[in-house]
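Down below is the structure, laid out as structure tokens.
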Amino acid sequence: MSFTPLPQRIEAILRRAIAQAQSSGALPPVPDDQELEIPIKPAKQSHYASAVAMASARLFKAKPLDIATTIGEHLPENELIGKVEVAPPGFINIWLAEAWIQQQVEVIIAAGADVFSLDIGGEQRVIVEFVSANPTGPLHVGRSRGAVVGDAAARLLEACGWQVHREYYFNNGGRQMEMLGRSIQARYLQALGEPADLPDDGYKGEYHVELGNTLAQEVGDAWRDKDWTAFKQYAEEIVFKNISATLARIGISFDQFFNELDLYDSGAVKETLKALGKAGYTYDAVTWKGASEEEIIKAKRQGTEAATWFRSSQLGDSQDRVIVRSNGDPTYVLPDIAYHVNKLERGFARAINVLGSDHFTESQVVKYGLAALGYDAERVDVILHQLVHLMRGGTRIGMSTRKGEIITLDEVMDETGPDAIRYFLLSRSTDNDISFDLDLAVKQSNENPVFYIQNAHVRCAGILRQLDERGYDPDWDRNADISLLGEEERSFVLKMLEMPEQLQMAYENLAPHQIAFWTLDLARAFHPMYERVRVLHSDVPDDVGKARLRLYRAAQIVFRRALTLMGMTAPDEM
RNA sequence: GCCCCCAUAGCUCAGAGGUCAGAGCAGCGGUCUUCUAAACCGUCGGUCGGGAGUUCGAAUCUCUCUGGGGGCACCA
């Protein structure tokens with residue numbers, strides 16, 4: 001069952017009113033080259049409001065107040081709008097019909113778990129790539145923002161009618177992985193009591209020491225003469241399991257882990273290089289064409305051989321990028337482009353990448369690469385989130401897997417629980433960076449609004465539990481007369497009915513945090529009502545109680561829907 | 001130097017060009033005899049960083065200045 005956001009439905013009615021006013025001569029026709037926009041927004045002084053009269057004053061060559069009045073007079077018959085008032089300088093204030101609002105309680109109950117789904121995607125396929133952390137160590141808190149945001153974006157897309165494929169780009173090629181292999185090799189040899197030095201850029205963390213120790217216990221000295229690739233393989237497997245377990249714990253699963261190495265094995269990387277060359281976008285040189293004298297001198301001093309460059313500057317980049325190093329190894333750029341070609345060739349209508357802002361340039365270059373190869377780079381959207389700054393007691397601490405400065409997501413979840421960390425990371429605009437003070441983590445988790453939201457669900461469940469405990473018929477409210485719902489209940493229903501438009505807005509902005517805020521808003525509307533609007537109370541007549549129980553059933557469905565969309569649990573008891 | 005993001009209440013943050021700028025926390029004062037108080041009610045708190053522009057209308061769009069964060073590797 002799919003819903004249409006209320007503003008769209010109201011807009012359609014106003015459009016018909018305008019058309020009727022035009023055919024009766026009360027408003028002039030709109031010139032063919034012009035388009036009439038009809039904005040509808042939730043308002044404080046009414047349920048919804050439209051500023052269409054102000055926006056169209058020039059178009060209709062009339063005063064906004066007159067236009068608004070005319071539109072109001074030509075409203076077609078409909079069950080949705082109950083009352084319309086015009087307010088200076090020309091707002092059309094709209095109240096929905098009480099009876100219609102009340103009926104929506106039954107609509108929500110009938111829709112059930114998938115309530116308020118939209119049909120924007122038309123079941124097209126979309127790939128959402130997120131996390132994609134190098135498998136060099138456990139998932140740290142900084143990375144978890146992308147995980148939470150990415151998963152919420154995927155759930156949002158599903159609610160908007162897309163078929164979502166969740167993918168983790170597994171960066172198991174490249175220099176970092178070699179470094180991991182060599183580091184574990186060194187730790188292993190050290191565990192055997194042999195002298196071995198960690199590489200200069202090696203992984204210094206306690207986690208990697210333990211990996212070496214564990215391996216030594218498992219295989220004894222049998223691996224003494226193996227080269228780094230075996231150690232890399234071993235570490236990669238363990239780290240992969242570790243990351244998967246962490247993600248599972250916070251409720252994230254992937255349809256596919258896409259191995260970077262497969263792009264090499266399949267020849268895709270070479271093909272991409274060839275295709276870029278064929279399109280005239282590569283050249284071999286020591287520095288990029290357009291490099292400053294400073295850069296040229298520096299390159300000469302280093303005695304660098306020629307590398308292969310991607311002429312991205314021709315597509316708007318500030319400079320060209322190396323895609324094959326002078327030693328013959330591709331940089332990350334080339335497999336990245338190959339990967340995105342692969343995504344689009346797999347038939348996804350859209351590709352959405354969730355990245356930290358430190359990967360901004362990378363995402364740009366990938367788009368230039370796709371454009372160079374004749375693909376529509378617009379099919380790729382990037383959700384770029386600012387970074388999470390780890391703090392301890394008010395001072396910032398570093399976060400580097402290589403240096404072993406790591407606060408893992410698991411450690412934080414041990415303290416706060418998955419739901420609290422999810423909400424904390426989700427409830428901020430991706431444009432803002434987040435300060436995460438570990439010393440305040442527990443305190444913050446107690447103040448975390450997620451409990452306030454979950455408690456709304458708990459309270460709904462509590463009423464149903466009482467019903468059972470007091471021996472009521474579970475279908476007690478079967479034929480409730482919902483017209484007995486009062487003003488306060490109706491305004492809460494109205495709040496629930498905002499969900500489709502909230503989903504649409506969050507979808508259009510690719511901004512899952514808006515759902516987090518709206519859900520909190522809904523909880524703020526819920527709790528005060530709950531205090532006053534009782535169901536099983538001696539003061540409440542049975543027929544009113546039944547109507548109210550319908551309302552709380554609907555509320556429970558909507559809270560569960562919203563919590564699930566954010567990847568959180570909807571508990572029956574706190 | 002170039003690119004991206006940010007600046008809104010004491011703090012953390014929302015804010016879809018529209019009617020008087022909103023929450024939570026903190027502060028102050030209240031509320032548990034009926035579905036668990038992780039709750040409710042009241043109150044205090046603002047030159048929306050500065051300046052110019054576009055518009056009937058700007059926290060929101062443009063430019064500029066200031067102050068922060070991130071990026072601009074033959075790392076990913």
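Order of the sequence lines fixes the chain letters, A, B, ..., with proteins taken first and strands second; residue numbering starts at 1 for each chain.
Distance check on atom C1': B/A7 versus B/C65 gives 14 Å, rounded to whole Å. Only the P atoms considered, B/G68 is 24 Å distant from B/A73, to the nearest whole Å. Between B/U60 and B/U54, the two P atoms lie 15 Å apart (nearest whole Å). With P as the reference atom, B/A14 and B/C20 are 25 Å apart, rounded to whole Å. Across B/C48 and B/U19, the matching P atoms stand 16 Å from one another, rounded to whole Å. To the nearest whole angstrom, the two P atoms, one in B/C5 and one in B/G15, are 15 Å apart. Using atom P as the reference point in both B/C61 and B/G24, the two lie 26 Å apart (nearest Å). As rounded to the nearest Å, B/A59 and B/U55 have C1' atoms that lie 16 Å from one another.
Nucleic acid contact class of A/E508 (heavy atoms, under 4.0 Å, all strands): none. Contact annotation for A/S538: base contact, defined as any heavy-atom pair under 4.0 Å involving a base atom. Within 4.0 Å (heavy atoms only), A/Q454 reaches no atom of the nucleic acid at all. Among the heavy atoms of the strands lying under 4.0 Å from A/S326 is at least one base atom, whether or not backbone atoms are also near. Contact annotation for A/S429: backbone-only contact, meaning every heavy-atom pair under 4.0 Å involves sugar-phosphate atoms and none involves a base. Contacts of A/P449 with the nucleic acid, taken as non-hydrogen atoms under 4.0 Å apart, are absent. When heavy atoms are screened at a 4.0 angstrom cut-off, A/E469 is found touching no nucleic acid atom at all.
Contact between the side-chain N/O atoms of A/R459 and the OP1/OP2 oxygens of B/A37 is found at a separation under 4.0 Å. Applying the 4.0 Å criterion to OP1 and OP2 of B/C20, one finds that A/K44 has every side-chain N and O outside that range.
Each of A/Q45 and A/V286 was matched to the nucleotide of RNA chain B holding its nearest heavy atom; the match closer to the 5' end belongs to A/Q45. Between A/L384 and A/S132, it is A/L384 whose nearest contact on RNA chain B lies nearer the 5' terminus.
If you measure from atom CG of A/N509 to atom C1' of B/A16, you get 7 Å, rounded to the nearest angstrom. Whole-Å rounding puts the A/R524 CZ to B/C13 C1' distance at 10 Å. The CG-C1' distance, from A/L426 to B/C13, rounds to 14 Å in whole Å. For the pair A/L65 CG and B/U19 C1', the computed distance is 13 Å after rounding to whole Å. Put simply, CG on A/L520 is 15 Å from P on B/C13, counting in whole angstrom units. The nearest whole Å value for the distance from the OH atom in A/Y530 to the P atom in B/A38 is 11 Å. Straight-line distance from the CE atom of A/M391 to the P atom of B/C11: 14 Å, rounded to whole Å. Atom-to-atom, OH of A/Y423 to C1' of B/C25 comes out at 14 Å; the value is rounded to the nearest Å.
Distances were taken from every side-chain heavy atom of A/A43 (C-beta onward) to each of B/U19, B/G22, B/A76; the shortest belongs to B/U19. For A/Q386, whose side chain is taken as the heavy atoms from C-beta onward, the closest listed nucleotide among B/A76, B/C5, B/G71 is B/C5. The nucleotide whose nearest atom lies closest to any side-chain atom of A/N134 is, among B/G15, B/A76, B/C35, B/A76. Taking the side chain of A/E531 as heavy atoms from C-beta on, and the options B/A39, B/A14, B/U34, the nearest nucleotide is B/A39.
Here the two rings, on A/F424 and A/F436, have centers that are under 6.0 Å apart. A/Y423 and A/F451 have their aromatic ring centers separated by at least 6.0 angstrom. Taking the six-membered ring for Trp, A/Y339 and A/Y169 have ring centres closer than 6.0 Å. Ring to ring, A/F130 and A/Y168 are not that close: their centroids are 6.0 angstrom or more apart.
Put simply, A/F360 does not rest on the base of B/C3: the two rings are not both less than 5.5 Å apart at their centres and under 30° in tilt.
Ring geometry for A/F240 against A/F257 counts as perpendicular: the plane angle is over 60°, on a 0 to 90° scale with 30° as the lower cut. Relative orientation of the A/Y203 and A/H208 rings is tilted, given thresholds of 30° and 60° on the angle between their planes.
With a 6.0 Å cutoff to the six-membered ring centre and a 45° limit on the axis angle, A/K41 does not count as a cation-pi contact of A/Y48.
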